[in-house]
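Below is one structure; the comments refer to it alone.
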Amino acid sequence: MTISDPDPAARTSSEFWRRTPPALFPSLMGFMGLGLAWRAASQFAPLGASPVASYAILVLASVMLFFVLACYLSKVSLRPRVILEDMASIPGRAGVSALTLSILLFAAAMVPLSPLVATAALVVGLLGHVLIAVLALAVMVRTPQGLVVSPAWHLSFVGFIVAALSAVPLGFAVLGQVILVATVLSSALVYGISLFQLSQTETPPPLRPMLAIHLSPLSLFATVASLSGRGLLALVFATLAMGLAGVLISRVGYLIKAGFSPLWGAFTFPIAALSTALFSLSGQVPLLGWFALLPLALATVITPVIVLRVLRMWSSGVLAAKTGAAIA
């Protein structure tokens, strides 16, 4: 004799948030980045773009981010160890790191609207990312081949540079400078080891979209250096970012060989970050403002598509199963 589930609907609803996958956050991070890129575009005078588009994107991205964040934190509150299980894989660590980085992007979005809210989000996001970095390192030490360098290291250990996007305009210039120097040094290590590994081994096709993450630090360094008044340094990083973008574009077939997956979310933020970086330098080199339209157009086309596909996979339960999200 079998006992039927008294409330299947309730059980299904419960499972929905109990297995919220961290794979949602990279694409949402990209959506926030797209809003910031459009805000930078609206400040490029020759273009004459309205700030309405940036506000609309940032509001929608923020609502989506906090809904997903509430679901994930509910999952963690039910069984805290679940976050360590989610971080057992490279994509999982990237996803959880993108969670706190998205909060830091929200802080950057709020700077011109509410410095108080921006400061609060900066503190929460920065402290949260310190915790995530410590957890990531602890998990990696205990995981076989966990210390093998991957693009996800940029998110976990170099991602602090995102905090400088709000720290500098909020008046925390020293904090911004410390973060810039520390992350440039740590990224140099990641880039160096990554180049060596790429020359020795082949990246598995399913993980290749994550190689696009390498574009983010250079773009963010350019933006933060520009915000800090270091124009020459910003130009150097922007030039390196454009060069790397060219390499990635030339290998796009290689990057997407495995077909669509939630890891395509890794394409979204780096493209938006490059656009923002180029717009930030348009005051020095006006031509860069026009070049910035290329990644902006690309990000505007692909980011909503990827976000919607990932959200649809989540709502159907496919995303959690496909990414191996832990259950609370």
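- Between the Arg19 side chain and the Ile327 main chain, no donor and acceptor come within less than 3.5 Å of each other.
- The minimum heavy-atom distance linking Leu78 with Ala328 is given by the pair CD2-CB, 3.9 Å.
- The ring of Phe31 has its center no closer than 6.0 angstrom to the ring center of Phe269.
- The CG atom of Leu218 sits 5.5 Å away from the CG atom of Leu240 when rounded to the nearest 0.5 Å.
- Between Tyr55 and Trp38, the distance separating the two ring centers is not shorter than 6.0 angstrom.
- The distance from atom CG of Leu101 to atom CE of Met32, rounded to the nearest 0.5 Å, is 11.5 Å.
- Checking side-chain atoms of Arg208 against main-chain N and O of Thr203 turns up a donor-acceptor pair under 3.5 Å.
- When all heavy atoms of Ala133 and Phe157 are compared, the pair lying nearest together is O-CE2, 3.6 Å.
- Of the residues listed (Phe25, Tyr72, Phe106), the one engaging Phe66 in a ring-ring contact (aromatic ring centres under 6.0 Å, His included) is Phe106, and it is the only one.
- The shortest non-hydrogen separation linking Phe260 to Lys322 is O-NZ, 4.3 Å.
- Without hydrogens or angle criteria, Arg93 side chain to Ala136 main chain gives no donor-acceptor distance under 3.5 Å.
- Note that CG of Leu227 and OG of Ser166 are 10.0 Å apart. Values are rounded to the nearest 0.5 Å.
- Leu165 pairs with exactly one of Leu104, Thr223, Leu170 by the side-chain contact (heavy atoms from CB on, under 4.5 Å) rule, that one being Thr223.
- Atom CG of residue Leu296 and atom CD1 of residue Ile271 lie 11.0 Å apart, to the nearest 0.5 angstrom.
- The closest side-chain heavy-atom distance from Ile103 to Leu69 is below 4.5 Å.
- Residues Thr268 and Ser27 approach most closely at OG1-CA, 3.9 Å, considering heavy atoms.
- A donor-acceptor contact closer than 3.5 angstrom links the side chains of Ser97 and Ser156.
- Of the possible donor and acceptor atoms, one in the side chain of Tyr191 sits under 3.5 Å from a partner among the backbone N and O of His214.
- Contact detail for Leu180 and Thr183: the closest heavy-atom pair is O-OG1, 3.2 Å.
- Judged by distance alone, the side chain of Ser226 and the main-chain N or O of Ala222 form no donor-acceptor pair under 3.5 Å.
- Taking OG1 from Thr100 and CG from Leu131, the interatomic distance works out to 8.5 Å, rounded to the nearest 0.5 Å.
- Nearest heavy-atom pair across Arg39 and Ala108 is NH2-O, 2.8 Å.
- Counting non-hydrogen atoms of neighbouring residues, nucleotides and ligands closer than 6.0 angstrom, the CZ atom of Arg312 reaches no more than 12 such neighbours.
- Rounded to the nearest 0.5 Å, atoms CH2 (Trp314) and OG1 (Thr323) are 12.0 Å apart.
- No side-chain donor-acceptor contact under 3.5 Å links Ser275 to the backbone of Ala272.
- Linking Ile, Leu, Val, Met, Phe, Trp and Tyr residues whenever their side-chain heavy atoms come within less than 4.5 Å leaves Ile161 and Val123 in two separate clusters.
- Between the side chain of Ser261 and the main chain of Leu263, a donor-acceptor pair closer than 3.5 Å is present.
- Residues Phe237 and Leu220 are not in side-chain contact: their nearest non-hydrogen atoms beyond the backbone lie 4.5 Å or more apart.
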